[in-house]
Amino acid sequence: MKTKHYFNTNRVDQVTERLEASKNLKQEDMLYCLFRLEKKLTASEAWSKFTQSVPLTSIRRGMSNLMREGMLEKTNETKIGLYGKPECYYILSQTKIYE
């Protein structure tokens, strides 16, 4: 993937940055697999299906990265999320499917 997987806003050292980027890439792989199974999810729905403890913001970041890579598409359909605000549904991209 060409997308940046860790945003070094805390200015951590290079080793920590590489480790975090690797961990985030694995989260994105798991997210992609979830979408292959579920087909259509909001960030909150994807977060609720994660087996490990991950912040909701990490799920949102991962979905944004997958969308930038052309692997997910945002739909116009929304649902009220965990915090009472509308969340968009995402689906697998019809143009770029990875096996």
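Just so you know, residue 1 is the first one in the sequence shown, and it goes up from there.
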A.B. asks: Side-chain contact test, heavy atoms from C-beta onward, threshold under 4.5 Å: evaluate it for M67 versus Y90 and give yes or no.
C.D. replies: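 When only atoms from C-beta onward are counted, Y90 and M67 do touch, with a gap below 4.5 Å.
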A.B. asks: Is the side chain of T42 donor-acceptor paired with the backbone N or O of C88 at a distance under 3.5 Å, no angle test?
C.D. replies: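 It does not hold such a pair.
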A.B. asks: Quick one: do K74 and E87 make a salt bridge, cutoff under 4.0 Å?
C.D. replies: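 So K74 does not pair with E87 through a salt bridge.
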A.B. asks: Between V54 and W47, which heavy-atom pair has the shortest distance, and what is it?
C.D. replies: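 Closest approach of V54 to W47, heavy atoms only: O-NE1, 2.6 Å.
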A.B. asks: Within the distance-only criterion (no hydrogens, no angle test), does the side chain of S93 pair as donor or acceptor with the backbone N or O of G70 below 3.5 angstrom?
C.D. replies: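 Indeed, once roles are kept as given, a pair shorter than 3.5 Å links the two residues.
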A.B. asks: Assess whether side chain to side chain contact (heavy atoms under 4.5 Å, CB included) is satisfied between M30 and F50, documenting all intermediate values.
C.D. replies: CA-CA 8 Å; M30 288 188 285; F50 246 67; 3.9 Å; yes
A.B. asks: Could you walk me through whether M71 and Y32 pass the side chain to side chain contact (heavy atoms under 4.5 Å, CB included) test, one step at a time?
C.D. replies: CA-CA 8 Å; M71 298 168 84; Y32 184 74; 3.9 Å; yes
A.B. asks: Return the minimal non-hydrogen interatomic distance between L31 and A46, and the atom names on each side.
C.D. replies: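 Shortest heavy-atom separation between L31 and A46 comes out as CD2-CB, 3.9 Å.
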A.B. asks: Could you check whether any side-chain N or O of Q27 sits under 3.5 Å from a backbone N or O of I59, counting only pairs where one atom can act as donor and the other as acceptor?
C.D. replies: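 No; zero donor-acceptor contacts below 3.5 Å.
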A.B. asks: For a 4.5 angstrom cut-off between non-hydrogen side-chain atoms, does L66 reach E69?
C.D. replies: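 When only atoms from C-beta onward are counted, E69 and L66 do not touch, as no gap falls below 4.5 Å.
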A.B. asks: Between CD of E38 and NZ of K49, what distance do you get to the nearest 0.5 Å?
C.D. replies: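 Going from CD on E38 over to NZ on K49, the span is 4.0 Å.
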A.B. asks: Would you name the heavy atoms of L41 and M63 that are closest together and state the gap between them?
C.D. replies: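 So the two residues come closest at O-CE, 4.1 Å.
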A.B. asks: Does a side-chain N-to-carboxylate-O contact under 4.0 Å join K79 and E45?
C.D. replies: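 A salt bridge links K79 with E45.
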A.B. asks: Can you measure from OG (S58) to CD (E28) and round to the nearest 0.5 angstrom?
C.D. replies: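 The distance works out to 10.0 Å.
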A.B. asks: Answer whether the closest heavy-atom distance between the side chains of L72 and F35 falls below 4.5 Å.
C.D. replies: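 Of all side-chain heavy-atom pairs linking F35 with L72, at least one is under 4.5 Å.
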A.B. asks: Would you confirm whether S64, through its side chain, and R60, through its main-chain N or O, come within 3.5 Å as a donor-acceptor pair?
C.D. replies: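 Yes; judged by distance alone, with no hydrogens or angles, the pair exists.
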A.B. asks: Which pair of non-hydrogen atoms, one from S44 and one from L82, has the smallest distance, and what is that distance?
C.D. replies: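 Smallest interatomic distance, heavy atoms only, reads OG-CG, 3.4 Å.
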